[in-house]
Undergrad: 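Sharing a structure with you now.
Throughout, protein chains are lettered first and strands after them, A, B, ... in sequence-line order, and every chain is numbered starting at 1.
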Protein chains: 2
Amino acid sequence: MPRAGLDPAAVVAAGAALADEVGLAGLTMGLLAERVGVRTPSLYKHVGGQEDLNRRIAALALSQAADAVGGAVQGYAGRDALAAAARAFRAFVLEHPGRYAATLGLEPSGPDDPLATAGQRLLGAFTAVLRGYEIAESDVDHALRMLRSFCHGFATLQAANGFQWSTDIDESFEWLIAFTDRGLRAI
Amino acid sequence: MPRAGLDPAAVVAAGAALADEVGLAGLTMGLLAERVGVRTPSLYKHVGGQEDLNRRIAALALSQAADAVGGAVQGYAGRDALAAAARAFRAFVLEHPGRYAATLGLEPSGPDDPLATAGQRLLGAFTAVLRGYEIAESDVDHALRMLRSFCHGFATLQAANGFQWSTDIDESFEWLIAFTDRGLRAI
DNA sequence: AGCTTTTAGCTAACATCATTAGCCAACTTG
DNA sequence: CAAGTTGGCTAATGATGTTAGCTAAAAGCT
C-alpha cells in the first residue's frame, strides 16, 4: 500500500474544492476520501472529523477571501476601492459557494483561532475601503457592518438563486455599489 | 393505539418550531417524530421526506415573513414604512432562524408552487415600501434587490454571530435604516 | 546498512439517520 | 354495522460518520 502523501492542508483544500462543486451539504467524508484517493477512515488521521473539517475549510475560505478583497483594493481609494472590494467579494462567493457557506454560524474559539485571525484580515480589507471616505469615528463600525451586510446579503442571495426576475443581476450590483458610494460620501 | 391526529400542516409547523430551536441542521426526522408523539416512519404519511419537509417549512416561513412585514408596514409610508419593514424582517429572522434558513437555496418548481406565491407576497411587502419614495421605474428592481440584500445580509450575519465587536447591533441596524432612507430619497 | 519508532494507510465494526415494506387497528362512509 | 381508507406501528435496508485495532511505509538513530 503506497502512501498517498496527504496532510491536513491537502485534505482541507480538497474538501473546500469539493464543497464548491457539490455544495456544503453534499460534502461527505466518503466523497472526500474518494477524491483524495484514500479510504474514508484514513481522513481521520488528518482532520478530527466533519466539524473540524468544516472549521478548517471556513478558515481557508476567510483567508482566501481576505486575500482576494485585500488584493483588489490595493492602489485604489474612494469609490474605486469600494467597487473593487465589493466585486472581489461577490466573485469569491460565487466562485466558492461551498467554502463560503462553511464560514457561517461558527464562533471563533479564541483570539488565536485561525478562524478569528482570517476574519480579522477580511474585516481589515473592508476597513481600508472606508478610509477613503470621511467618516466620523463613531460611524465606522456601523458603516463596516453595512458593507458586510450588503456584500454578504447580495452574494448569498444570488448564490442561493434568491433573485427571481430577469433584470440583470450584475447591473443591480453595480447600482448597489453606486448607491453605497453616494451614501458614504453624504454621511 | 390511539391516533395522534396529525396532518401535514401540524407536522410542518412542529418541524419549523424545532428547526428554530435546534437549528436547521439539527432537525432530524427522529427528533421531529418524538416531538409530535409518533414513531419516525409515521411522519412519511404526512410529508414526502426530508426534502419535502424542508420545502414546506420554507413556504411556511416565507408566508409568515410576508405577514409580519406586510402587517408592520400598514399605515406607514416613506421612512417609517422602511423602518417598520426592516425591523419586522430582522425580528422574524432572529426569532425564527431555523425556518428562515430553510428558505435559502430552493428553486420554486413553478408559478403556483406555494414557495413561489409566498415569496411573491414577501416581495410585495417590500415593494410597497418603495412606493413611498420617488424612484424611477427602471430603478425599482435594483432598489428592491438592495432592500432584500441589506435585510437578509444583516439579519443572517447577526443570526450567525457574524458581528464580532461590542458596538451595539441594534444601533447599527437603525443606522443602516437611516442610511438607506437617505439614499432612497436622493436617487 | 540495520534497528526502532512513528505514522498513514487499511479492514472491520458500530451508531445514527432517512427511508421503504408490510401489517393492523382506528376512523370514515355507505 | 359492514367495507374501505388511512394513520399508526415494527422490522429491515442503505447511507454516513466514527472508532478500534492491525500493518506496512516512512523517518530517525546507532
Side-chain angles (χ1 to χ4, degrees), chain A residues 1-60 98-99 101-106 109 115, chain B residues 1-60 98-99 101-106 109 115:
Chain A
M1 327 163 184
R3 295 215 177 170
L6 288 181
D7 58 29
V11 171
V12 171
L18 195 50
D20 290 338
E21 290 174 31
V22 301
L24 185 61
L27 173 63
T28 70
M29 298 300 271
L31 205 54
L32 177 54
E34 188 182 350
R35 175 67 64 99
V36 299
V38 111
R39 300 304 182 116
T40 306
S42 303
L43 294 178
Y44 290 79
K45 300 289 182 174
H46 303 293
V47 296
Q50 216 167 25
E51 187 180 324
D52 177 52
L53 174 65
N54 192 297
R55 287 184 73 86
R56 289 172 187 251
I57 290 176
L60 174 66
R99 69 189 71 186
T103 67
L104 301 175
L106 300 182
S109 62
L115 207 57
Chain B
M1 326 165 183
R3 295 216 177 168
L6 288 181
D7 57 31
V11 170
V12 171
L18 195 50
D20 290 337
E21 290 173 33
V22 302
L24 184 63
L27 174 62
T28 69
M29 299 300 271
L31 204 54
L32 176 55
E34 189 182 350
R35 175 66 65 99
V36 299
V38 110
R39 299 303 182 116
T40 306
S42 303
L43 294 178
Y44 291 79
K45 300 288 182 172
H46 304 292
V47 297
Q50 217 167 25
E51 187 180 324
D52 177 54
L53 174 65
N54 192 297
R55 287 185 73 87
R56 289 173 188 250
I57 290 176
L60 174 66
R99 68 189 71 185
T103 67
L104 301 175
L106 301 181
S109 62
L115 208 56

Undergrad: Write out all pairs satisfying side chain to side chain donor-acceptor pair (under 3.5 Å) with one or both partners inside residues 34-47 of chain A, taking only residues at least two apart or from two chains.
TA: A:Glu21-A:Arg35
Undergrad: For a 4.5 angstrom cut-off between non-hydrogen side-chain atoms, does B:Ile57 reach B:Thr103?
TA: no
Undergrad: Rounded to whole Å, please give me the gap between CG in B:Leu43 and P in D:dT10.
TA: 13 Å
Undergrad: Flag the pair B:Arg55 / B:Ser109 as yes when at least one side-chain heavy-atom distance between them is below 4.5 Å, and no otherwise.
TA: yes
Undergrad: Which whole-number value in Å describes the distance from B:His46 NE2 to D:dT5 P?
TA: 18 Å
Undergrad: Is there a donor-acceptor contact under 3.5 Å from the side chain of B:Asp52 to the main chain of B:Val47?
TA: no
Undergrad: Whole angstrom is fine here: how far is it from CG in B:Leu6 over to P in C:dA26?
TA: 17 Å
Undergrad: Given the structure, check if the side chain of A:Arg3 and the base of D:dA26 hold any donor-acceptor pair shorter than 3.5 Å.
TA: no
Undergrad: For each nucleotide in nucleotides 11-20 of chain C, reading 5' to 3', give B when a protein heavy atom comes within less than 4.0 Å of its base, S when such contact involves only the sugar-phosphate, and - otherwise.
TA: BB-----SBB
Undergrad: With heavy-atom distances below 4.5 Å as the criterion, would you say the side chains of A:Asn54 and A:Leu24 are in contact?
TA: yes
Undergrad: Would you mind reporting whether B:Leu32 and B:Thr28 have side-chain heavy atoms less than 4.5 Å apart?
TA: no
